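A quick write-up on the structure given underneath.
Given the structure is predicted, the values throughout are model-derived calculations rather than measurements.
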Amino acid sequence: MIVLKKIKKPEYEEDIKPVLISDETIKDRFDKVIKKMMDGLFDILVIYADLEHGGNFEYLTGFLPRFEEALLVIHKDKTAYMILGNENLNKCSKSRIKCLPIHMPHFSLPNQPMDNKESVFEILSKAKLDRANKIGLVGWKNILSAKEDSKELFDIPHFIVENIKKVNSKAKILNATDLFIGEDGVRTVNNANEVAHYEFGAALAGNCMLKAMDNIAPEKSEMEIASFLDAYGQDHNVVSIMATGERFEKANMYPTDKKIKVGDAISITTGFKGGLQSRAGYAVKCADQLDDKVKDYLDVLAIPYFKAVKTWLENIRIGMKGGELYDLIESVLPKKIYNWSLNPGHLCADEEWLSSPIYKGSKETIKSGMLLQIDIIPSKKGYAGISCESGIFMADETLRNEIRTQYPQMQKRIEKRREYIVKTLGINLSKEVMPTSGMVAYCRPFLLNYDEALISEAD
């Protein structure tokens, strides 16, 4: 039985600190990419990056090209070239893998110096693309389309693709993004070092969300509450949301000086590398403060949603097919009734949404080391949304032992989170499910009531 009840809140998690990706992990990443190339008979991979779409590039280099574009060209013999604009050219020497720099001023900001007289064709030729029989282009999405051959679709700027084809007109050129994010993609599973690296951002997002929720009050502005969604100068991997009342007025997505009113719908989101936190509900203390048309909000939307979150957490397991988890959510929260349109859960990493093994008919397997967001978004016309989106990772006995040995402080946080979820929220977790923040499954639909949250308890 799902009920709204006074409970102890999650605790603010102190002393969380960044964990850098180790040299050993970078070497392992590079080796995995080379193996994928060899398995797919690729001679060269060309990996595209810009600030929004640079995760596959950053996976090996350790950085994003900020406000420019960039290419990482990898040969199967492990020779690598980094093609960079004016302001990122000096970053090649900082790369986590050894690369040879190639300057392409075309990647620079508008009206920066174009003193280099070489054409795009001539610059790309320096990366020895003409030596390949098969080239893989890596953008940021593997487009799964029943109508088109996804291997022939490229989410990379036209001037790059066309000049690669000119440099090597005989090579077979295919979309190879699935080597990174598709089924069995190298980025879909994390080792202990990677999990610890991403847990920092996920835990930080949890702290930020808890502070924001505990400061929501009538007449405070969106901007006042949004100030709690930032921390330590860390870069967000998603647009921060703090909206009261009607959203997207005049197409605006960002917090303004609009004041919170009792009865307003509220939406809050923040995220960093490794995890996002999202909450939605009403700025009320109890159902009596709701408009008469939505007084049944708990029964109509919030409780069914929380039941789905509980079902998701209690049933996910290593070895499970993604389609099985999808069908399970469909059975407890029917899509036709609750109008969710996105897949109910996805992988994350540096990006908020990496890819998802959880879709209708999916045969993709849930694996140890996967970092997942519980992303279920129901809606009912006339009602505010409901959300307690947060993240977990899956860990088999081997990974659990590695974390216990290598990252004992993180292990203590995980144990405390699991205990809270099981004993306070009434959600039974398998030993494989590792919460990445203290806010996992903490759902307060009435956001002016700081003491009550949805829990599961015996009938």
Basic-acidic side-chain contact under 4.0 Å: E219, K261: yes
F57 ring center near F63 ring center (under 6.0 Å): yes
Trace of the side-chain hydrogen bond (donor to acceptor under 3.5 Å, both in side chains) decision for E222 with Y254: CA-CA 9 Å; E222 292 175 339; Y254 309 107; over 6 Å; no
Spacing of L84 atom CG and L72 atom CG [to the nearest 0.5 Å]: 9.0 Å
Any C286 side-chain heavy atom under 4.5 Å of N449 side chain: no
Cation-pi check, K380 onto Y338 ring (under 6.0 Å, within 45° of axis): yes
Closest contact, heavy atoms only, A395 versus I318: C-CD1, 3.8 Å
Closest contact, heavy atoms only, P157 versus E69: CG-OE2, 3.7 Å
Centroid-centroid distance, F446 to Y282, less than 6.0 Å: no
Residues K367, D396: salt bridge by 4.0 Å N-O rule: no
Mutual orientation of the aromatic rings belonging to W340 and Y326 [parallel < 30°, tilted 30-60°, perpendicular > 60°]: perpendicular
CG/D39: more than 12 non-hydrogen atoms of other groups inside 6.0 Å: yes
Aromatic ring pairing F272/H236, orientation class (parallel under 30°, perpendicular over 60°, tilted between): parallel
Distance (rounded to the nearest 0.5 Å) between K141 NZ and L153 CG: 10.5 Å
H53 and Y48 aromatic centres sub-6.0 Å: no
Min side-chain heavy-atom separation E183-P357 under 4.5 Å: no
Pair D350, Y59: side-chain N/O donor-acceptor within cut-off below 3.5 Å: no
Cationic N near anionic O, under 4.0 Å, E452 to K285: no
Whether over 12 other heavy atoms sit under 6.0 Å from K259 NZ: yes
Heavy atoms of other groups near K412 NZ, more than 12 under 6.0 Å: no
